[in-house]
There are 2 protein chains.
Amino acid sequence: MAENSENSSRRPTIYDLAQIAGTSPSAVSAILNGTWKKRRISAKTAKRVTQIATEQGYAVNLQASMLRRERSHIIGMIVPKYDNRYFGAIAEQFEAMARARGLFPIITCTQRDPDLELEAAREMISYQAEALVVTGATDPDRIADFCAAAGVNAVNLDLPGNKAPSIVSDNFSGARDLTRLILTRVAQDFGATVPLWFIGGRPHDHNSMERLRGFRAAHDEIDLSVPKDRIIMPGYSADKAAAALVGHEFPRQFGIFVNSTITMEGVVRWLSNMIDMDRVRLGCFDWDPFAALLPQNVGMARQDVATMLRRVFETIDEKSGPSLRIEVPCIMQPLPQPG
Amino acid sequence: MAENSENSSRRPTIYDLAQIAGTSPSAVSAILNGTWKKRRISAKTAKRVTQIATEQGYAVNLQASMLRRERSHIIGMIVPKYDNRYFGAIAEQFEAMARARGLFPIITCTQRDPDLELEAAREMISYQAEALVVTGATDPDRIADFCAAAGVNAVNLDLPGNKAPSIVSDNFSGARDLTRLILTRVAQDFGATVPLWFIGGRPHDHNSMERLRGFRAAHDEIDLSVPKDRIIMPGYSADKAAAALVGHEFPRQFGIFVNSTITMEGVVRWLSNMIDMDRVRLGCFDWDPFAALLPQNVGMARQDVATMLRRVFETIDEKSGPSLRIEVPCIMQPLPQPG
DNA sequence: CATACTTGCTCAATCGATGTAGCATAGATT
DNA sequence: AATCTATGCTACATCGATTGAGCAAGTATG
């Protein structure tokens with residue numbers, strides 16, 4: 001319908017519309033941004049200009065508008081990957097919540113590359129983002145420093161930092177509860193109270209450390225000690241997990257704590273080469289709908305994305321200090337025995 | 001490190017830097033955007049200004065820069081969801097490819113809401129996006145019209161339209177090949193050459209129609225006719241698929257064509273309530289790493305995201321007409337029998 | 001009839017970066 | 001000495017939208 005009549009090459013501006021309507025650019029601007037009543041423009045003129053704007057396929061130049069207004073309403077988010085449900089849910093819900101607050105969300109996926117993370121932050125600041133949510137950054141403090149220098153509000157999500165407020169899952173409690181569940185199910189199904197294996201993650205990664213602490217706490221509660229060689233931390237990737245498992249000896253029946261859904265892919269791949277897959281019970285930190293359907297899976301610690309994001313927006317609104325650290329409990333999803 | 005010394009409230013501009021450095025804003029601009037050699041600014045001045053810019057935590061105001069330059073280098077993408085690997089891969093690879101071409105990618109997730117789709121397109125155009133990739137839109141033509149009126153290049157991805165060039169998977173061939181594979185495996189494992197069930201999708205959705213055509217073609221090849229009640233299209237969602245399956249009667253052994261990974265979730269949920277899950281063989285259009293590990297799954301038709309996106313960028317560069325329709329073959333991933 | 005108020009607009013400065021045109025000085029060439 | 005060239009900058013208009021200030025014409029009030 002909307003037809004850019006003659007000079008179809010360039011986008012129309014308020015000056016073009018003003019010329020066509022026989023009014024001033026100021027009037028057009030006021031009409032199109034809704035301040036026309038306050039500025040005492042007649043309804044008749046308003047209607048005419050609006051009509052012309054539609055005909056010409058006009059869209060404000062937000063570059064110019066924001067330059068003048070000195071408010072961008074842009075909120076940026078940095079995400080490492082889109083390859084699991086957790087970050088997918090974060091991105092999706094962040095967008096919806098930002099929009100609901102009248103903000104324009106910009107999300108960038110930085111592939112866990114520290115330089116790309118900084119580059120993305122710099123770009124978002126250049127686009128006049130008013131706040132930045134830094135999710136799962138490998139080096140959150142560098143980004144926070146950079147934001148602070150530019151006077152932009154930053155919040156860490158998922159991985160904590162020291163230079164900006166941080167919202168993270170309660171990895172300790174989540175891992176402890178999940179470990180308890182796996183221990184219980186191993187005891188029930190295999191009739192043995194024995195230490196579990198821990199697979200995935202990096203030994204110096206904050207989240208892995210907290211989860212390992214929870215894993216240990218659940219064992220300590222029932223006076224089990226975990227042999228060192230049962231902690232296998234070759235990174236999160238599926239390939240590394242699968243490779244690491246191949247080199248290990250396992251008893252006839254055993255339980256595994258899987259540190260992420262990505263790691264879980266590797267574990268399941270390895271598992272599928274077993275003759276008897278019923279030898280294993282496992283639980284996974286984080287949630288995936290297919291992983292939830294695996295018969296060996298006794299439960300998943302699902303991170304509470306909605307609550308975390310609510311805290312993120314609160315933190316931004318309150319302009320909290322860098323010492324703030326909020327831990328959001330995970331939602332335990334015990335899985336029923338199939339069949 | 002970078003410390004915004006006194007007036008930490010507002011971001012420094014080239015005028016602030018010029019004042020501190022004792023030069024003109026023009027010089028600062030030239031130095032910071034790299035054109036200073038051409039403009040015969042001395043290396044000494046350049047070094048000094050760069051230093052000051054870093055100290056002050058300066059970042060260009062791209063709003064102002066783009067307004068002046070009249071080129072934004074922004075490329076927008078509209079995506080329906082982030083809840084499966086296909087759209088996750090699209091978003092991730094689109095970002096990487098856009099960046100590699102010196103463009104700034106903006107992605108928005110529109111939740112399959114036609115109004116939100118149009119709203120997002122309008123917003124991206126207002127941000128001076130130079131091109132728009134419209135992925136899986138419910139109403140691509142409305143968006144294409146809108147883009148055309150604003151003089152913005154649009155390309156449809158995944159779902160085709162008539163008002164802009166479209167890049168889609170070759171759903172027909174992918175579905176036909178997948179159907180062949182399931183039929184073969186059903187024959188091998190169950191010793192019977194019988195028509196399959198088709199589950200998921202909407203009867204008037206382009207992709208579903210094409211896949212159903214492929215499904216039928218593979219049956220026709222071997223002179224099998226598909227009874228009407230074996231085509232179950234209650235939408236893509238997992239819940240609807242699970243609910244639809246519950247009401248059906250199935251023989252002792254049978255095969256299913258699953259129309260998407262989301263649908264697959266519902267199918268597997270339903271499956272997990274079966275006493276004997278080995279009664280079924282299934283194949284799924286689209287790919288998911290966990291779904292690939294299910295023992296009943298004989299293969300997946302993985303959409304070739306990298307190739308599709310390459311075609312998208314080519315199409316944008318060549319400013320192709322609305323009649324262009326490119327079909328990209330799927331990658332068949334037959335799955336080995338586990339154990 | 002003069003003054004005040006209302007209505008319906010227009011003018012012009014402004015946001016920050018860019019780039020063309022041009023100016024001043026130093027050194028080289030005729 | 002006069003001209004030319006190179007070097008190293010500065011001045012200013014510009015991109016499009018916004019907004020405080022203000023103007024002109026009409027209506028109401030004293």
Side-chain angles (χ1 to χ4, degrees), chain A residues 7 9-49 53 56-74 123 125-128 130 150-151, chain B residues 7 9-49 53 56-74 123 125-128 130 150-151:
Chain A
N7 53 337
S9 59
R10 273 165 41 79
R11 322 246 304 255
T13 69
I14 50 168
Y15 299 92
D16 303 323
L17 301 186
Q19 187 128 57
I20 298 170
T23 53
S24 69
S26 315
V28 174
S29 170
I31 290 162
L32 297 176
N33 70 26
T35 57
W36 58 279
K37 279 193 178 157
K38 201 167 55 192
R39 295 187 58 103
R40 297 187 316 226
I41 307 287
S42 67
K44 208 185 79 184
T45 311
K47 189 167 247 173
R48 185 162 41 96
V49 169
Q56 299 292 316
Y58 174 83
V60 219
N61 183 331
L62 279 176
Q63 249 75 70
S65 174
M66 282 164 23
L67 177 59
R68 181 57 227 259
R69 287 206 217 249
E70 307 190 327
R71 283 279 332 245
S72 71
H73 295 284
I74 290 179
E123 235 165 2
I125 288 171
S126 282
Y127 277 102
Q128 308 302 104
E130 292 172 359
Chain B
N7 54 336
S9 59
R10 272 164 44 80
R11 320 245 306 254
T13 69
I14 51 167
Y15 299 91
D16 303 322
L17 301 186
Q19 185 129 58
I20 297 170
T23 54
S24 70
S26 311
V28 174
S29 171
I31 290 161
L32 297 176
N33 71 26
T35 57
W36 58 279
K37 279 192 180 156
K38 200 166 58 191
R39 314 223 20 226
R40 298 187 315 228
I41 307 287
S42 66
K44 209 185 78 183
T45 311
K47 188 166 248 175
R48 185 161 43 94
V49 168
Q56 300 290 316
Y58 174 83
V60 221
N61 184 331
L62 279 176
Q63 247 75 69
S65 175
M66 283 166 20
L67 178 59
R68 181 57 227 260
R69 286 205 217 248
E70 307 190 333
R71 285 269 345 236
S72 70
H73 296 282
I74 290 179
E123 235 164 5
I125 288 170
S126 282
Y127 277 104
Q128 307 303 105
E130 293 173 358

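Values in this document were obtained by computation on a predicted structure and should not be read as measured data. All chains are named by letter (A, B, ...) in the order of the sequence lines, taking the proteins before the strands, and each is independently numbered beginning at 1. These numbers come from the heavy atoms of this one structure, side chains and all, not from hydrogens, waters or symmetry mates.
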Q.
Please compare A:T45 and B:L32 by the position of their nearest nucleotide in DNA chain C and report the one closer to 5'.
A. A:T45
Q: Go through D:dA17, C:dA17, C:dT10 for me and flag the one nearest to the A:S65 side chain.
A: D:dA17
Q: To the nearest 0.5 angstrom, please state how far the CD atom of B:E70 sits from the CD atom of B:Q128.
A: 9.5 Å
Q. Heavy atoms under 4.0 Å, any strand shown: does B:T13 hit a base, just sugar-phosphate, or nothing?
A. sugar-phosphate
Q) Nearest-Å distance, CD1 (B:I41) to P (D:dA6)? A) 18 Å
Q: Find the distance between CG (A:L32) and CG (A:L17) and round it off to the nearest 0.5 Å.
A: 6.5 Å
Q: Provide, to the nearest angstrom, the distance between the CG atom belonging to A:D16 and the P atom belonging to D:dA17.
A: 9 Å
Q) Once you round it to whole Å, what is the distance between P of C:dC15 and CD of A:Q63? A) 18 Å
Q | A:S24 (side chain) and C:dC11 (base): donor-acceptor pair under 3.5 Å | A | no
(Q) Could you tell me if the side chain of A:T23 sits less than 4.5 Å from the side chain of A:V28, heavy atoms only? (A) yes
Q. Does any donor-acceptor pair link the side chain of A:R69 with the base of D:dT18 at a separation under 3.5 Å?
A. no
Q: Provide, to the nearest angstrom, the distance between the CG atom belonging to B:N61 and the C1' atom belonging to D:dG16.
A: 14 Å
Q. If you find the nucleotide of DNA chain D closest to B:R48 and the one closest to B:A64, which residue's nucleotide is nearer the 5' end?
A. B:R48
Q. Phosphate oxygens OP1/OP2 of D:dT14: is one of them under 4.0 Å from a side-chain N or O of A:Y15?
A. no
**Q.** Whole-Å distance separating the CD1 atom of B:I14 from the P atom of D:dC9
**A.** 16 Å
Q: Identify which nucleotide among C:dG22, C:dG16, D:dG16 has an atom closest to any side-chain atom of A:R68, counting heavy atoms from C-beta outward.
A: D:dG16
(Q) Do B:R71 and B:H73 have side chains that approach each other closer than 4.5 Å (heavy atoms only, starting at C-beta)? (A) yes
Q. Have B:S26 and B:S29 got a donor and an acceptor in their side chains that come within less than 3.5 Å?
A. no
Q. Of the nucleotides D:dC15, D:dA17, D:dC9, which one has an atom closest to the side chain of B:S42?
A. D:dC9
Q) Counting only side-chain N and O atoms of A:N33, is one of them less than 4.0 Å from OP1 or OP2 of D:dT18? A) yes
Q. Atom NZ of A:K37 to atom C1' of C:dT6: distance rounded to whole Å?
A. 18 Å
Q) Taking atom types as they are modelled, is there a donor-acceptor pair under 3.5 Å from the base of D:dT7 to the side chain of B:R39? A) no
Q. To the nearest angstrom, how far is B:R40 atom CZ from D:dT10 atom P?
A. 13 Å
**Q.** Residue pair B:Q56 / B:I20, side-chain heavy-atom distance below 4.5 Å
**A.** yes
Q: Report the nucleotide, chosen from D:dA17, C:dG16, D:dG8, that has the shortest atom-to-atom distance to any side-chain atom of B:L67.
A: C:dG16
Q.
Students often get this wrong, so: under 4.0 angstrom with heavy atoms, is B:T23 touching a base, only sugar-phosphate, or nothing?
A. sugar-phosphate
(Q) Can you say whether a donor on the side chain of A:S26 sits under 3.5 Å from an acceptor on the base of D:dT19, or the other way round? (A) yes
Q) Just how far, in rounded Å, is C1' of D:dT18 from NZ of A:K38? A) 11 Å
Q. Out of D:dA17, C:dC11, C:dC15, which has the shortest distance to the side chain of A:S29?
A. D:dA17
